[in-house]
Amino acid sequence: MQINKRFPDSFLWGAATSAYQIEGEHLTHGKTLSVVEKNMNSNYADPSVASGHYQHWEEDIELMRELGLKAYRFSIAWPRILPNGRGEINQEGISFYRHILDKLKAYQIEPIVTIYHFDLPQCLQEEYGGWSSRKVIVDFEEFCEVLFTQFPDVNYWLTINEQSNMFQLPYLMEFAPDVPLEKQKYEMNHIMTLAHAKAVKLCREMLPEAKIGPALGIIPNYPATSKPEDVLAARHADDLRTYLFMDLYMKGEYRSFVWNYLVENGLEPTIERGDMAIIKSAKPDFIGINYYQSRVVKYISAEAEKKELKLNYDGEDDDTQFDNIPGIFEGAANPYTDKTRWDWEIDPIGFRYLLNELYDRYHIPIMITENGIGTLDQVTGDQKIHDQERIDFLNKHLQQLQLAMKDGVEIWGYMAWSFIDLLSTSSGFRKRYGFVYVDRDDHDVKKLERIKKDSFTWYQEVIASNGQYLIDR
Ligand code: BG6
């Protein structure tokens, strides 16, 4: 592949994780339960051990150094820092993250810290309904203030991970049974956007040198055919699933198609005086993008039955059910792309397409905060993990990222998902993402031995050559 543009020397070659997916010790050492931990799929591993990072963090950072990482994205668990959601600080939690940050700095690995990765303290859910109440904004701001006070040396902050996914993945949030679901989602989305904006503003005041932005999970939508109805359906799907959030973050506005749709369907959130001014005044420094796949959509009539997204959890049967919004769009499989075992469309070109689309619309630097593939990895007789599928996936996506940079898109860094095998939010340890294998399975935690996969060596070469290795292959 002919690509001329070189990666800048400052490019942040990285990898990512999140707290509840790797740490373990989820109800000990002062930590309390979070919503996502409570709602985890009970067929798979629970978060009590996860990857054992709470004990193995030093060994893990040694491996990051060996890999040559320039940056590491991880999240700080709100219920580990503030076990009651607010008030008393768990000093052991502060020390845990302080040690991690110090060791990363010692190895010149830039920490990129996610403030909220799905782990609302369960006590706040029980006290006032979590993200359905404006009380959460005050508590979230307090959490941010604690982080900015305790960790002023962090240069890159991510406010909220995948705000968009609360519309798709039921286990990330809890909803009241007596209020229409869609209505609740848009209310919560508005409240979460306000919380994000408060975090940005507070960061500007307390840490003016730091950079801050959200991390959004984005699936670009393609029309199933060139039928004008399908083309419009894809545009509307993008509006409702991507640009709703992007416009709020970047312009402080509800885009008109979305707002009219909400009003027509009685779904519009409560907007109090001053809300939009706060949101508008908190423009991020950069946008974090989590990209895994694209999607095909087609028009569906208003009379069709409403369907929610149903995931293929076990990676065995082709049983994904796409969601729809009757009268607007329904999802469909793409006949032109390969799929992962879990039916996720593999679409590296979609990555370049999306990056161009976002940069053209918003002219803001982009950081790839997640990109990766879930696979069934096996240790072979030679004690190795030959994860060629991951290497192919990442190589192709990075080539497209490089082409996007050549197209003119400003990209600061790339955090592969994930640094180490972790508890997949949907499918436990069966579905692995890491460069480093963790020897455990869903039902037996074994000794949690770390083993470098083939992709570890591949990424090491990519980083050491500042991306040249991608071109030479
Ligand atoms: C993103 C999340 O949605 O996708 C991660 O930010 C998650 O937490 C990743 O692990 C992959 O999804 P899954 O369901 O395969 O773990």
Side-chain angles (χ1 to χ4, degrees), residues 14-31 33-34 36-37 40-67 69 72-77 79-80 92-93 95-97 99-104 107 109 111 117-119 315 370 372-387 390 415-457 459-460:
T17 62
S18 88
Y20 74 92
Q21 295 181 274
I22 60 165
E23 289 176 2
E25 302 295 346
H26 79 308
L27 297 177
T28 51
H29 300 273
K31 182 178 172 294
L33 190 65
S34 70
V36 71
E37 288 162 338
M40 207 127 239
N41 188 332
S42 58
N43 293 328
Y44 300 107
D46 68 35
S48 61
V49 174
S51 314
H53 182 68
Y54 199 83
Q55 277 79 23
H56 290 254
W57 66 271
E58 286 187 274
E59 180 186 351
D60 292 343
I61 298 178
E62 290 298 335
L63 284 162
M64 289 177 203
R65 180 196 206 186
E66 189 180 338
L67 183 55
L69 289 190
Y72 171 50
R73 175 192 176 208
F74 65 101
S75 74
I76 295 186
R80 193 178 293 289
E92 190 180 336
S95 314
F96 174 64
Y97 295 111
H99 288 137
I100 289 177
L101 286 168
D102 289 346
K103 199 165 173 78
L104 290 172
Y107 290 163
I109 301 172
H117 199 115
F118 308 148
D119 49 3
E370 288 181 32
I373 183 169
T375 54
L376 285 182
D377 292 334
Q378 307 282 356
V379 184
T380 47
D382 52 358
Q383 281 300 296
K384 290 192 186 310
I385 297 97
H386 302 298
D387 57 339
R390 173 162 301 101
M415 306 302 122
W417 187 264
S418 52
F419 167 64
I420 194 165
D421 284 347
L422 42 70
L423 195 53
S424 150
T425 311
S426 57
S427 309
F429 266 85
R430 183 173 158 71
K431 189 189 204 181
R432 293 172 184 269
Y433 283 95
F435 294 116
V436 176
Y437 185 86
V438 176
D439 189 23
R440 64 156 294 175
D441 57 37
D442 280 309
H443 308 294
D444 182 356
V445 297
K446 304 186 196 171
K447 291 196 180 125
L448 302 169
E449 188 193 346
R450 274 65 174 143
I451 308 174
K452 289 172 259 175
K453 302 183 191 176
D454 287 359
S455 58
F456 186 99
T457 315
Y459 200 38
Q460 213 173 24

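The existence of a salt bridge linking Arg80 and Glu25 is excluded, since no basic side-chain nitrogen approaches an acidic carboxylate oxygen closer than 4.0 Å. Looking at Lys31 and Glu23, no side-chain N of the basic residue comes within less than 4.0 Å of a carboxylate O on the acidic one, giving no salt bridge.
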Task: Full working for salt bridge (charged side-chain N to carboxylate O under 4.0 Å, His left out) between Arg450 and Glu62 - done: CA-CA 11 Å; Arg450 274 65 174 143; Glu62 290 298 335; over 6 Å; no
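Note that CD1 of Ile451 and CZ of Phe456 are 12.5 Å apart. Values are rounded to the nearest 0.5 Å. Taken from CD in Gln378 to OH in Tyr437, the straight-line distance is 6.5 Å, to the nearest 0.5 Å.
The two residues Asp442 and Ala45 have their closest heavy-atom pair at OD1-N, 2.9 Å. Nearest approach of Leu422 to Ser51, heavy atoms of both residues: CA-OG, 3.5 Å.
Asp60 places a side-chain heavy atom less than 4.5 Å from the side chain of Phe419. Side-chain contact between Trp417 and Gln21: present, with at least one pair of heavy atoms (C-beta onward) separated by less than 4.5 Å. Using a 4.5 Å cut-off on side-chain heavy atoms (C-beta onward), Phe429 and Arg440 make contact. Using a 4.5 Å heavy-atom threshold, the side chains of Gln460 and Lys452 count as separate. With contacts defined as side-chain heavy-atom distances shorter than 4.5 Å, the pair Asp387/Phe435 does not qualify. Side-chain contact between His53 and Ile420 is absent, with no heavy-atom pair separated by less than 4.5 Å. For the pair Asp444 and Asp441, the minimum side-chain heavy-atom distance is below 4.5 Å. Side chains of Asp377 and Arg390 form a contact here, defined as non-hydrogen atoms less than 4.5 Å apart.
By the 6.0 Å and 45° rule, Arg430 does not stack over the aromatic ring of Tyr44.
No more than 12 heavy-atom neighbours from other residues, nucleotides or ligands sit within 6.0 angstrom of NZ on Lys447.
A distance-only check finds no donor-acceptor pair linking the side chain of Glu59 to the backbone of His56 [under 3.5 Å]. With Arg65 contributing its side chain and Ile109 its backbone, the two residues share no donor-acceptor pair below 3.5 Å. Listed for the Asp421 side chain is a donor-acceptor partner under 3.5 Å among the backbone atoms of Gly434.
Between the side chains of Thr425 and Tyr20, at least one donor N or O lies within less than 3.5 Å of an accepting N or O. With no hydrogens or angles considered, a side-chain donor-acceptor pair links Thr17 and Tyr72 at under 3.5 Å.
Note on ring orientation: taking the six-membered ring where Trp is involved, the planes of His99 and Trp57 are parallel (angle under 30°, cut-offs 30° and 60°).
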